[in-house]
Amino acid sequence: MEYHLLTLVGHCLILSLATLFLYSNVCIFIHKSPPNIPEVKIPEDMTVNIALSLRHEINRGFFTLREIGHGRDLKKFLIVTGGLWLLSVLGSCCNFLTLSYIVFVVLYTVPVLYEKYDDKVDAFGEKAMIELKKYYAIFEEKVLSKIPKNKKH
């Protein structure tokens, strides 16, 4: 539908505010008491805790990016680059709302499926790790061993 999240939220808020506004004004004309709209407040301590946790995670991410930028860990660089590339491919295929929905569904179904089929998943994971280690050994032998290492730190 190409309906973006910000547009959806904006339209829903406009619709709900217009409905409340009109209903409050209609209540005056029909001599009915206006709707009781509760006051919503976010507790300060909860907000501070969320902000501190978010700040910690962002700083950890910056530290990881800084470590990758120093060029010491090729494996981590390749993993992060691959993840960012995959994220950009997914982002070009669907909008944020669709991606959020997919993530939500996956986060709630994968653990249930793993609980049900954990023996089969673990066996498959072990086989996959063995294969990946074989391919990484070949990659290290043919490519990484030929890259000169910097002895300075």
Side-chain angles (χ1 to χ4, degrees), residues 1-23 37-153:
M1 287 178 52
E2 300 284 334
Y3 206 63
H4 299 284
L5 178 65
L6 194 56
T7 308
L8 176 68
V9 169
H11 287 167
C12 288
L13 286 173
I14 289 170
L15 181 65
S16 61
L17 281 175
T19 304
L20 280 172
F21 181 80
L22 289 173
Y23 183 70
I37 302 170
E39 186 175 341
V40 178
K41 289 185 179 179
I42 299 173
E44 184 178 350
D45 58 340
M46 183 179 73
T47 309
V48 169
N49 287 338
I50 290 172
L52 288 175
S53 299
L54 186 62
R55 186 193 69 144
H56 175 72
E57 293 300 321
I58 289 171
N59 284 337
R60 216 173 85 194
F62 283 149
F63 177 77
T64 303
L65 290 175
R66 182 174 174 264
E67 288 296 312
I68 292 170
H70 282 301
R72 294 188 186 119
D73 193 358
L74 179 64
K75 184 177 178 181
K76 193 180 284 187
F77 169 74
L78 292 174
I79 289 171
V80 170
T81 304
L84 291 173
W85 175 77
L86 183 65
L87 187 66
S88 70
V89 168
L90 284 175
S92 67
C93 293
C94 57
N95 63 18
F96 182 73
L97 186 62
T98 305
L99 191 58
S100 300
Y101 178 72
I102 291 169
V103 167
F104 179 80
V105 169
V106 166
L107 286 176
Y108 280 98
T109 48
V110 168
V112 173
L113 290 174
Y114 179 75
E115 287 288 325
K116 190 173 182 180
Y117 302 108
D118 61 344
D119 296 334
K120 294 178 183 177
V121 172
D122 289 341
F124 180 76
E126 289 174 7
K127 290 177 187 175
M129 282 304 294
I130 291 169
E131 289 295 318
L132 283 174
K133 286 180 182 179
K134 285 182 194 175
Y135 288 123
Y136 183 74
I138 293 170
F139 178 72
E140 187 172 19
E141 177 186 324
K142 292 186 177 182
V143 178
L144 297 180
S145 64
K146 296 179 182 174
I147 298 175
K149 297 200 178 234
N150 188 2
K151 303 257 180 190
K152 294 185 222 176
H153 289 278

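Fair warning: this is a prediction, and the values are worked out from it, not measured in the lab.
Contact record, Thr19 with Leu15: OG1-O, 2.7 Å, taken as the closest heavy-atom pair.
Atom-to-atom distance recorded for Ile14:CD1 and His11:NE2 is 5.5 Å, nearest 0.5 angstrom. For the atom pair Glu44 CD and Asn49 CG, the distance stands at 10.5 Å (nearest 0.5 Å). Rounding to the nearest 0.5 Å gives a distance of 8.0 Å between CG of Leu78 and OH of Tyr136. Here the CG-SG distance, from Leu17 to Cys12, works out to 11.5 Å after rounding to the nearest 0.5 Å. To the nearest 0.5 Å, atoms OG1 (Thr47) and CG (Leu52) are separated by 10.5 Å. Rounding to the nearest 0.5 Å places CZ of Phe63 at 10.5 Å from CD1 of Ile68.
Aromatic pair Phe104/Tyr108: centroids less than 6.0 angstrom apart.
When the shell of 6.0 Å around CE of Met46 is examined, it contains more than 12 heavy atoms from other residues, nucleotides or ligands. Remark: Glu131 CD is packed, more than 12 non-hydrogen atoms of other residues, nucleotides or ligands lying under 6.0 Å away. Within 6.0 Å of atom CG in Leu86, more than 12 heavy atoms from other residues, nucleotides or ligands are found, so the atom counts as buried in its surroundings. Heavy atoms from other residues, nucleotides or ligands lying under 6.0 Å from CD of Glu57 number more than 12.
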